Asker: 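Got a structure for you, written out below as structure tokens; questions coming shortly.
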Amino acid sequence: MLRSATTWLLVGQRLGIAAITLLIVSFAVFFATELLPGDVAEILLGQAATPEAVAGLRTAMGLDEPAIWRFLSWLRGLFTGDLGMSYVNNVQVSDMLAGRLANSLRLAGIVTVICVPVALALGIASAMWRGSWLDRIVSVLTISVISVPEFMVATLAVLIFAVWLGWLPALSFGVEVDSLGAMLRAYAMPVITLSFVVAAQMIRMTRAAVIETVNTPYVEMALLKGASRRRMVLGHALPNALGPIANAVALSLSYLVGGVIIVETVFNYPGVAKLMVDAVSTRDLPLIQSCAMIFCISYLLLITIADVVALLSNPRLRR
Amino acid sequence: MSLSLRIPTPARLGYSFNWTGRIGLAIILFWAVIAFIGPWLAPYPPGEMVDWDYFGGMSGQYWMGTDYLGRDILSRVLMGARYTVGIALASVVLACAGGVLLGMIAGVVGGWFDTLLSRLLDAFNGIPSLLFGLVVVAAVGSSIPVLIATLAAIYLPGSYRFARALAVNVNTMDFVTVARARGEGFAYLILREIFPNILGPVLADLGLRFVFIVLVLSGLSFLGIGVQPPHADWGALVRENIEGLSLGAPAVVFPSVAIASLTISVNLFIDNLPTRIRDRSE
């Protein structure tokens with residue numbers, strides 16, 4: 001398909017907005033973690049700090065410089081991969097993150113692969129047979145999952161699969177991962193929980209997107225011509241709903257970011273989110289900054305993709 | 001003329017609530033009352049160990065069992081209502097009051113002020129809510145005022161965006177133009193012309209935001225960075241007693257049920273609001 005120059009201009013504009021947003025967000029993160037808590041040198045040295053020691057550490061850490069310079073050099077560090085040293089154990093933050101990031105991405109990847117087909121099938125099916133028992137059951141289930149906190153979904157999953165059925169280990173990831181079976185068992189609980197949270201959003205948005213197209217006159221026309229319900233939805237409505245559906249998929253995947261924080265903590269999964277929650281309890285600010293930026297970037301990436309997809313698929317948004 | 005004739009009940013104004021909405025409303029009112037009088041209803045002091053056994057089951061003495069220290073769960077759930085409902089209500093009122101006021105000002109003023117404010121607040125929408133809470137609490141520590149301010153800051157941009165969109169629509173209507181031609185001041189325009197006409201949808205939006213705030217607050221408490229011990233909201237109660245899960249202790253179940261009942265009933269109530277309140281444009 002040929003896209004006009006204005007389309008690419010608009011896409012470029014969205015990317016520009018995303019970049020500016022990222023800049024503001026990074027400033028907010030920097031502001032919250034470096035300027036709000038007061039003097040970092042005093043926090044580090046604790047109660048036994050002498051004024052001389054504090055002054056020495058301030059100079060050594062460059063805290064005497066104006067905040068805007070510190071922000072810029074921190075930003076440069078982010079781009080060049082120099083994320084600073086952890087306050088707590090004096091290890092490079094990038095070294096601590098490397099393995100954790102891979103773990104989190106693997107979890108997110110598995111959830112995406114499982115969720116997208118299931119959620120799309122259920123969403124389209126409940127839009128196709130709207131008002132049927134399938135639609136009602138799916139609606140009630142998705143509303144329930146959306147209106148309770150993520151940790152309750154996790155708790156419920158543990159209660160059902162570990163306590164009542166006894167299929168899976170309850171709250172441990174520390175088990176040895178030596179065989180395929182052990183690996184599956186270790187991943188099962190976090191994946192099940194996250195899938196429920198993300199799929200619930202995706203099903204609802206997909207259903208809404210398909211129903212919106214089904215309500216248009218040309219689809220009704222297809223029905224009047226004698227097309228079956230299945231043909232009406234799959235042949236006439238679906239091709240036009242693809243854009244909104246892709247938009248919905250990207251948007252609901254952004255729920256992974258919030259969900260993963262709770263799920264990794266509940267199941268003790270060694271990912272970035274668990275690292276960050278631990279860093280919050282030890283007030284390890286450089287580590288918190290880096291983790292926060294990782295989450296903000298992935299979140300922004302997903303909602304920007306959703307925006308761009310919506311723009312490319314719907315000519316009306318380009319005016 | 002007696003007073004009762006002048007009280008504007010929903011029926012007199014021509015609204016009617018369906019049964020699902022009424023059930024939702026009843027549960028919301030129930031928890032609101034508990035938040036006020038809960039501590040007097042509690043059969044035992046919420047912070048006191050009353051049972052020598054931990055993770056006790058349900059019994060005539062302890063209706064909802066006991067927690068990991070042998071404290072009465074019923075008393076703690078009743079007390080927790082005050083934290084969960086109180087903090088969430090304070091934050092949602094702050095968020096919506098700020099958001100709606102800024103949204104109306106931006107909608108009426110327009111121009112560069114509107115563009116700048118909208119861009120800035122949109123950028124804050126680019127931070128996932130739970131993460132925002134984590135970062136702020138890591139920076140300044142956790143206390144109830146900090147929690148309220150943080151939760152309000154997280155949900156202010158969304159409320160702003162919603163109110164601004166409504167205000168822009170109302171602002172173009174004839175009666176606003178007439179008021180402007182009459183020479184009415186800015187404050188009059190916003191408070192007397194715009195605000196009453198966006199009130200219904202704004203209140204519905206407030207309800208939905210209340211649910212989000214309850215969820216994020218419970219999430220923060222569950223992670224151990226929300227309400228701090230010895231106090232506990234419902235999220236913190238789940239966290240404290242999560243070890244009892246493998247024992248099937250009711251100590252985990254009841255706080256969870258309390259959260260779910262509150263959030264689901266608010267959703268039910270908002271979903272079943274009469275169209276006349278939710279959307280004045282129709």
Side-chain angles (χ1 to χ4, degrees), chain A residues 17-18 20-25 27-29 31-38 143-144 146-152 154-156 158-159 162-164 170-171 254-255 257-262 265-266 273 276-277 279-285 287-289 291-292 295-296 298-300 303-304, chain B residues 119-142 146 150 153 208 211-212 214-225 234-235 238-239 241-243 245-249 252-253 255-257 259-268 271:
Chain A
I17 290 175
I20 294 172
T21 307
L22 191 60
L23 195 69
I24 298 178
V25 165
F27 182 73
V29 167
F31 179 81
T33 48
E34 293 251 1
L35 305 180
L36 277 187
I143 289 186
S144 319
I146 287 170
S147 25
V148 301
E150 289 101 346
F151 64 81
M152 263 185 67
T155 314
L156 216 61
V158 170
L159 207 59
V163 179
W164 291 344
L171 297 173
S254 72
Y255 283 86
V257 177
V260 91
I261 295 180
I262 299 281
T265 314
V266 173
M276 175 161 178
V277 172
V280 168
S281 54
T282 54
R283 298 195 77 183
D284 191 348
L285 297 176
L287 191 52
I288 295 171
Q289 286 170 346
C291 295
F295 282 115
C296 287
S298 27
Y299 187 72
L300 260 177
I303 51 180
T304 309
Chain B
R119 279 279 154 270
L120 195 68
L121 289 177
D122 270 356
F124 278 93
N125 255 346
I127 307 179
S129 45
L130 202 56
L131 192 81
F132 195 114
L134 271 175
V135 170
V136 173
V137 168
V140 294
S142 185
V146 168
T150 312
L208 289 183
V211 172
F212 295 146
V214 168
L215 295 184
V216 171
L217 173 66
S218 314
L220 284 174
S221 290
F222 179 78
L223 292 175
I225 55 176
W234 293 337
V238 177
R239 172 194 172 81
N241 298 306
I242 194 83
E243 299 295 326
L245 194 61
S246 43
L247 307 169
V252 197
V253 179
S256 309
V257 171
I259 300 173
S261 70
L262 180 64
T263 50
I264 292 176
S265 55
V266 174
N267 270 335
L268 282 181
D271 273 352

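Not measured: the values here are computed from a predicted model. Lettering of chains follows the sequences in order, A, B, ..., and the numbering in each one begins at 1.
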Asker: What residue in Q289(A), E150(A), M152(A) has the most heavy-atom pairs under 4.5 Å with chain B?
Answerer: M152(A)
Asker: Could you have a look at I261(A), T265(A), I288(A) and say which one has the most heavy-atom pairs with chain B under 4.5 angstrom?
Answerer: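 Sorted descending by pairs with chain B, the first entry is I261(A).
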Asker: Listed by chain and number, what are the ring-ring contact (aromatic ring centres under 6.0 Å, His included) partners of F222(B), not counting sequence neighbours?
Answerer: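 So F222(B) forms a ring-ring contact (aromatic ring centres under 6.0 Å, His included) with F151(A).
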Asker: Are the side chains of F124(B) and V25(A) in contact, using a 4.5 Å heavy-atom criterion?
Answerer: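 Side chain of V25(A) against side chain of F124(B), heavy atoms only: no contact under 4.5 Å found.
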Asker: Please classify the contact of T155(A) with chain B as side chain, backbone, both or neither, using a heavy-atom distance under 4.5 Å.
Answerer: both
Asker: Closest heavy-atom contact between S147(A) and T263(B)?
Answerer: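 Smallest heavy-atom distance, with atoms named: O-OG1, 2.6 Å.
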Asker: Quick check on L22(A) against chain B: is it the side chain, the backbone, both or neither that has a heavy atom closer than 4.5 Å?
Answerer: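 For L22(A), neither part sits under 4.5 Å from chain B.
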Asker: Hey, is the main chain of S221(B) close enough, under 3.5 Å, to the side chain of R239(B) for a donor-acceptor pair?
Answerer: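 Not confirmed, R239(B) side chain does not pair with S221(B) backbone.
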Asker: Indicate the atoms forming the closest heavy-atom contact of A260(B) with V148(A), along with that distance.
Answerer: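 It is CB-CG1, 3.7 Å.
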Asker: Tell me which of these, T304(A), L300(A), V277(A), has more heavy-atom pairs under 4.5 Å with chain B than the rest.
Answerer: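 Max contact count across the listed options: V277(A).
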Asker: L134(B) versus chain A, heavy atoms under 4.5 Å apart: side chain, backbone, both or neither?
Answerer: both
Asker: Can you say whether A292(A) sits under 4.5 Å from chain B via the side chain, the backbone, both, or neither, judging by heavy atoms?
Answerer: both
Asker: Counting C-beta onward and ignoring hydrogens, is there a side-chain heavy-atom pair between W234(B) and L262(B) closer than 4.5 Å?
Answerer: yes
